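All values reported here derive from a predicted model rather than from experimental measurement.
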Amino acid sequence: MSTIPFEIQQQVIQCFGKCFYYKDTVETFMRSCEVPDDLIYKDKEKPKFVWAKNVLNKLNQDETGKIIIRKMVTEFYKMRDIPIEVEKRNEGIDALRKLKRLVDQNKSSFFDTSKTNSYYRNKQEKKIKLAQQKATKIDDLKHKFYEQIDNENVQNRGFELEKLIAELFIINDIPFQKSYRNESNTQQIDGYFRFDGSDYLTEIKWDKNKVNSAQISSLKQKVDTKLNATRGFFIAINGFRNEVVKDYSNRDAKIIFMDGEELIHVLEDRISLKEALITKITEAAKTGNPYISLREKIML
């Protein structure tokens, strides 16, 4: 496959820098073009122009990457407007128009629909293989979880659960940072992940009894000392006391709850982790209930 002209690639970089405001929007655009997640996240913290340049440089190294670049160009070409939050809209629109003019000059090469069957067959086979590998890994985690039920060493059981949760997130393509302490060494945090544009501090408990409000307050204090967009995600294998839901509903608690039964639903592949998170976050936003059950979602 021929390389996309240098001038067009440079204009793609300009479009990434000028047609988007939020980096999460750039991430979504890249993912829609099938840019690998590891490549997306590698330089996300850098300025958008540098980020895009590095992504394109990496993609140019093989034929699959060049196909992804062509898809980027095509998606930009199909855009009729840019996101409303872009401050310098005229610059963004001008960048998009210039890219379209360049593409029009090379239109036949960009919109040639004669694609090789072998490429798409291999791509489909790769998707199936990855799905099978993911299912196998989640099944392994399920067995590891059941093995810990008879573990009477509470500290060791909790440590193994933390590792299991971290692996579950990573398998589901949600970057997860394992247990760490803050810089002042005053807070122990069981985990951190970013999902759908928000940051979540994670607390994981496998106590004999249900979690009470006092235990939740520890996570809330950690959340409250971070940026406003930070939320909490509390996993309690044996569930939560009744007053907990009352104490942390319909208020600015910003904490989502999950219990062991719901975790098992995910480990048994009745619902994906991403679907579970979306369900809980959406319902919490709509109703104020941080402990909406996944059971009805699974039964639909």
Side-chain angles (χ1 to χ4, degrees), residues 1-62 64-112 173-175 177 192-201 223 226-231 252 254 274 277-278 281-282 285:
M1 177 173 290
S2 61
T3 303
I4 296 175
F6 175 79
E7 187 178 18
I8 290 181
Q9 295 201 42
Q10 291 302 300
Q11 194 57 34
V12 168
I13 295 172
Q14 292 298 310
C15 286
F16 270 115
K18 295 180 179 179
C19 294
F20 301 115
Y21 182 77
Y22 296 114
K23 285 190 173 182
D24 284 343
T25 309
V26 177
E27 177 184 332
T28 300
F29 181 90
M30 287 187 179
R31 186 168 287 111
S32 72
C33 297
E34 302 183 6
V35 178
D37 281 351
D38 58 341
L39 191 53
I40 292 175
Y41 292 122
K42 185 176 184 297
D43 293 311
K44 186 178 177 181
E45 300 305 316
K46 295 181 180 179
K48 293 193 291 292
F49 292 98
V50 177
W51 181 20
K53 175 178 175 293
N54 291 347
V55 168
L56 263 66
N57 286 342
K58 185 67 175 179
L59 290 174
N60 266 309
Q61 294 179 8
D62 56 47
T64 301
K66 292 175 183 178
I67 291 172
I68 293 173
I69 295 176
R70 285 179 177 275
K71 189 164 186 177
M72 286 182 177
V73 175
T74 301
E75 290 302 310
F76 273 124
Y77 189 90
K78 293 190 297 186
M79 286 176 61
R80 294 292 175 264
D81 198 0
I82 61 177
I84 193 170
E85 66 268 12
V86 176
E87 294 179 347
K88 299 180 179 180
R89 292 183 57 80
N90 289 338
E91 291 185 12
I93 291 172
D94 286 344
L96 191 60
R97 286 174 176 168
K98 182 176 179 180
L99 177 62
K100 291 183 179 185
R101 287 195 300 269
L102 292 171
V103 172
D104 285 337
Q105 295 169 11
N106 300 270
K107 205 162 189 176
S108 60
S109 64
F110 279 102
F111 300 104
D112 180 7
D173 299 320
I174 304 175
Q177 181 177 346
Y192 158 85
F193 66 95
R194 184 170 179 80
F195 183 75
D196 200 24
S198 293
D199 300 290
Y200 291 83
L201 302 184
V223 170
K226 307 301 183 296
L227 294 175
N228 289 335
T230 305
R231 299 173 178 177
D252 190 27
K254 302 188 298 183
K274 288 184 178 180
L277 290 173
I278 290 172
I281 294 167
T282 301

Inset, instruction - Might you work through the side chain to side chain contact (heavy atoms under 4.5 Å, CB included) test for Val73 and Val103, ending with a clear yes or no? - result: CA-CA 8 Å; Val73 175; Val103 172; 3.4 Å; yes

I'd like to know whether [atom1] of [X] has more than 12 heavy-atom contacts from other residues, nucleotides or ligands below 6.0 angstrom.
X: Lys100; atom1: NZ; result: yes
X: Gln10; atom1: CD; result: yes
X: Phe195; atom1: CZ; result: yes

Roughly how far apart are [X] [atom1] and [Y] [atom2], rounded to 0.5 Å?
X: Ile67; Y: Asp62; atom1: CD1; atom2: CG; value: 9.0 Å
X: Leu96; Y: Asp81; atom1: CG; atom2: CG; value: 8.5 Å
X: Asp199; Y: Asn228; atom1: CG; atom2: CG; value: 11.5 Å
X: Thr64; Y: Ile69; atom1: OG1; atom2: CD1; value: 11.5 Å
X: Leu277; Y: Ile174; atom1: CG; atom2: CD1; value: 5.0 Å
X: Met79; Y: Arg97; atom1: CE; atom2: CZ; value: 12.5 Å

Where do [X] and [Y] come nearest, in terms of heavy atoms and distance?
X: Cys19; Y: Gly92; result: SG-O, 3.2 Å
X: Ala95; Y: Cys15; result: O-SG, 3.5 Å
X: Cys33; Y: Met72; result: SG-CA, 3.7 Å
X: Phe20; Y: Pro83; result: CD2-CG, 4.0 Å

Are the side chains of [X] and [Y] in touch, meaning some heavy atoms are under 4.5 Å apart?
X: Asp43; Y: Val50; answer: no
X: Pro36; Y: Ile68; answer: yes
X: Arg31; Y: Asp37; answer: yes
X: Tyr200; Y: Ile281; answer: yes
X: Asn54; Y: Lys46; answer: yes
X: Phe16; Y: Lys53; answer: no
X: Lys18; Y: Ile82; answer: no
X: Lys226; Y: Tyr192; answer: no

Please check: side-chain N/O of [X] versus main-chain N/O of [Y], any donor-acceptor pairing under 3.5 Å?
X: Trp51; Y: Tyr41; value: no
X: Lys42; Y: Val55; value: no
X: Arg231; Y: Ala229; value: no
X: Lys71; Y: Val35; value: no
X: Lys48; Y: Lys23; value: no
X: Gln9; Y: Ile4; value: yes

Inset, instruction - Tell me, with the steps shown, if Ile93 and Val86 meet side chain to side chain contact (heavy atoms under 4.5 Å, CB included). - result: CA-CA 10 Å; Ile93 291 172; Val86 176; over 6 Å; no

Legend entry - Polar contact flag, side-chain donor to acceptor under 3.5 angstrom, Tyr22-Glu27: no

Legend entry - Cationic N near anionic O, under 4.0 Å, Asp24 to Arg194: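 Yes, this pair counts.
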
Inset, instruction - Check the pair Asn60, Lys66 against side chain to side chain contact (heavy atoms under 4.5 Å, CB included), reporting the backbone distance first and the verdict last. - result: CA-CA 5 Å; Asn60 266 309; Lys66 292 175 183 178; 4.1 Å; yes

